[in-house]
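This report concerns only the one structure given below.
Computed from a predicted structure; not experimentally measured. We name chains A, B, ... by the order of the sequence lines, and we start the count at 1 in each one. Because only heavy atoms are used, hydrogens play no part in the values below, and waters and symmetry mates are left out as well, while side chains stay in.
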Amino acid sequence: MRALSTGRSPVVGAPGAGVPELPEVETLRRTIAPHVIGRRILALDVRERRLRRPIAADLAARLVGRTIVDVRRRAKYLLLDVGGGLHWVIHLGMSGRLCVGDPPADLSHVHVVAALDGGGRLYFRDPRRFGLMLLTSDERDLGVLGLEPLGDGFSPAALWQMTRRHRRVTVKSLLMDQRLIVGVGNIYANEALFDAGLRPGRRAGRLSRAQVERIVPALKAVLHRALASRGSSLLDYRDADGEMGEFQRSLRVYERAGEACKVCGTSIRRTVIGGRGTFFCPLCQT
DNA sequence: AGCTCACCCTGGACGC
DNA sequence: TGCGTCCAGGGTGAGC
């Protein structure tokens with residue numbers, strides 16, 4: 001992903017760095033929607049089927065000729081509705097990127113290219129191939145998906161109920177469990193718990209109601225902040241790798257082990273929970 | 001029930 | 001310079 005220079009069609013896509021979580025996928029949805037809605041899929045070139053699950057052999061045959069009528073997001077999935085109740089589902093995994101317009105600067109690992117009427121092209125690039133692409137008429141194929149954290153359903157009372165039903169899980173694992181709450185990955189779970197002043201390794205069932213309840217606004221706020229910075233920096237970015245800059249600077253704990261807490265100056269600690277890097281301030285978080 | 005770990009995969013960081 | 005090794009991580013599934 002790189003600066004646009006040819007002055008042809010606009011280049012939009014996910015940031016060049018970072019693992020896509022809710023804000024990244026939602027930003028992607030907002031930015032590609034105007035370029036693909038109403039467009040007919042003229043051709044689909046599947047160059048590499050071996051993603052997390054192999055791309056079905058008949059994907060191209062089933063998609064070509066259909067028109068993209070809407071672009072939605074559910075959890076970290078992007079759903080391109082192609083009529084007839086069919087959803088073209090794309091998950092970016094951890095290195096997946098989607099862009100419309102000019103091809104990505106680096107054409108390696110471009111696994112799928114869709115040609116749209118009007119001359120636009122949609123590129124799916126995913127070096128690590130942890131992504132997913134399928135066509136389904138049943139959203140239940142995506143598995144059990146929990147509450148959207150920015151929705152009204154994700155309330156203090158709802159989170160409290162989750163902690164009653166899953167008392168022994170760590171609060172970080174609970175926030176990242178897609179069956180309970182969707183779209184929250186490692187970065188935002190760490191950041192939200194910092195903002196809530198709670199250690200990631202705390203057992204969900206041992207938190208007070210007040211502690212549980214302050215996670216909700218903390219998580220919503222960090223997601224909104226990320227959404228705002230991504231939204232503002234994506235559409236007209238010019239630097240080779242400047243898109244992530246703004247949000248990375250605002251991270252309080254993630255990937256900051258050994259650095260000073262921005263609130264109290266204490267050295268940020270790193271542990272591992274569920275096999276994922278976990279960061280917290282030993283003073284601000286209790 | 002819920003933990004840890006392995007797996008899928010590659011680029012980047014690091015050590016020699 | 002260049003090669004080998006390690007690591008990250010979303011989602012899923014196995015085993016404890």
Exercise. With sugar-phosphate meaning primed atoms plus P, OP1 and OP2, does A:G143 contact a base, only sugar-phosphate, or nothing at under 4.0 Å between heavy atoms?
Worked result: nothing
Problem set entry | Side chain proximity check, A:M176 to A:N186, heavy atoms < 4.5 angstrom | yes
Exercise. Does A:R179 put a side-chain nitrogen or oxygen below 4.0 Å from OP1 or OP2 of C:dT12?
Worked result: no
Exercise. Once you round it to whole Å, what is the distance between P of C:dG9 and CZ of A:F279?
Worked result: 6 Å
Would you tabulate the nitrogen or oxygen pairs shorter than 3.5 Å linking the protein to nucleotides 10-14 of chain B?
{"from": "B:dT10", "atom 1": "OP1", "to": "A:R129", "atom 2": "NH2", "distance (Å)": "2.9"}
{"from": "B:dT10", "atom 1": "O2", "to": "A:R128", "atom 2": "NE", "distance (Å)": "3.0"}
{"from": "B:dG11", "atom 1": "OP1", "to": "A:H109", "atom 2": "NE2", "distance (Å)": "2.6"}

Problem set entry | salt_bridge(A:E139, A:R72) N-O dist < 4.0 Å | yes
Exercise. Among residues 161-172 of chain A, which residues get a heavy atom nearer than 4.0 Å to DNA chain B?
Worked result: A:H166, A:R167, A:R168, A:V169, A:T170
Exercise. What's the CD1-C1' distance between A:I187 and C:dG9, to the nearest Å?
Worked result: 10 Å
For this session: Take atom CZ of A:R53 as the centre, draw a 6.0 Å sphere, and report whether it contains more than 12 heavy atoms from other residues, nucleotides or ligands.
Result: no
Exercise. Is there a side-chain contact between A:L174 and A:I181, using heavy atoms and a 4.5 Å cut-off?
Worked result: yes
Exercise. Around A:R73, counting heavy atoms of other residues, nucleotides and ligands shown, do more than 12 lie under 6.0 Å from its CZ?
Worked result: yes
For this session: Remember a base hit wins even if backbone is also touched, and classify A:G131 as base, sugar-phosphate or nothing at under 4.0 Å, heavy atoms.
Result: nothing
For this session: Under 4.0 Å between any heavy atoms, over every strand shown, what does A:R53 touch: base, sugar-phosphate, or nothing? Just pick one.
Result: nothing
For this session: Indicate yes or no for a side-chain donor-acceptor contact from A:T136 to the backbone of A:D138 under 3.5 Å, with no hydrogens or angles considered.
Result: yes
For this session: Would you classify A:Y254 as touching base, sugar-phosphate or nothing, given that sugar-phosphate means primed atoms plus P, OP1 and OP2, and contacts are heavy atoms under 4.0 Å?
Result: sugar-phosphate
Exercise. Going by distance alone, is a donor N or O of one side chain under 3.5 Å from an acceptor N or O of the other, for A:S108 and A:D106?
Worked result: yes
Exercise. Does a side chain donor of either A:D126 or A:H111 reach within less than 3.5 Å of an acceptor in the other side chain?
Worked result: no
Exercise. Rounding to a whole Å, what distance do you find between A:D126:CG and C:dA8:C1'?
Worked result: 14 Å
Problem set entry | For atom CG of A:L51 and atom P of B:dC9, their distance in whole Å | 11 Å
Exercise. When the distance from CG of A:L175 to C1' of C:dG10 is rounded to whole Å, what number comes out?
Worked result: 16 Å
Exercise. To the nearest Å, how far apart are A:R97 CZ and C:dG9 C1'?
Worked result: 12 Å
Exercise. Quick one: does A:R276 reach the base of C:dG10 with a side-chain donor-acceptor pair under 3.5 Å?
Worked result: yes
Exercise. Between A:E148 and A:R74, does at least one N-O distance fall below 4.0 Å, as a salt bridge requires?
Worked result: yes
Exercise. Between A:D141 (CG) and C:dT12 (P), how many Å, whole number?
Worked result: 12 Å
Exercise. Shared ILVMFWY cluster between A:L98 and A:V46, side chains joined below 4.5 angstrom?
Worked result: yes
Exercise. Under 4.0 Å: is that the gap between some side-chain N or O of A:Q178 and OP1 or OP2 of C:dG11?
Worked result: yes
Exercise. In whole angstroms, how far is the P atom of C:dG13 from the CZ atom of A:F130?
Worked result: 15 Å
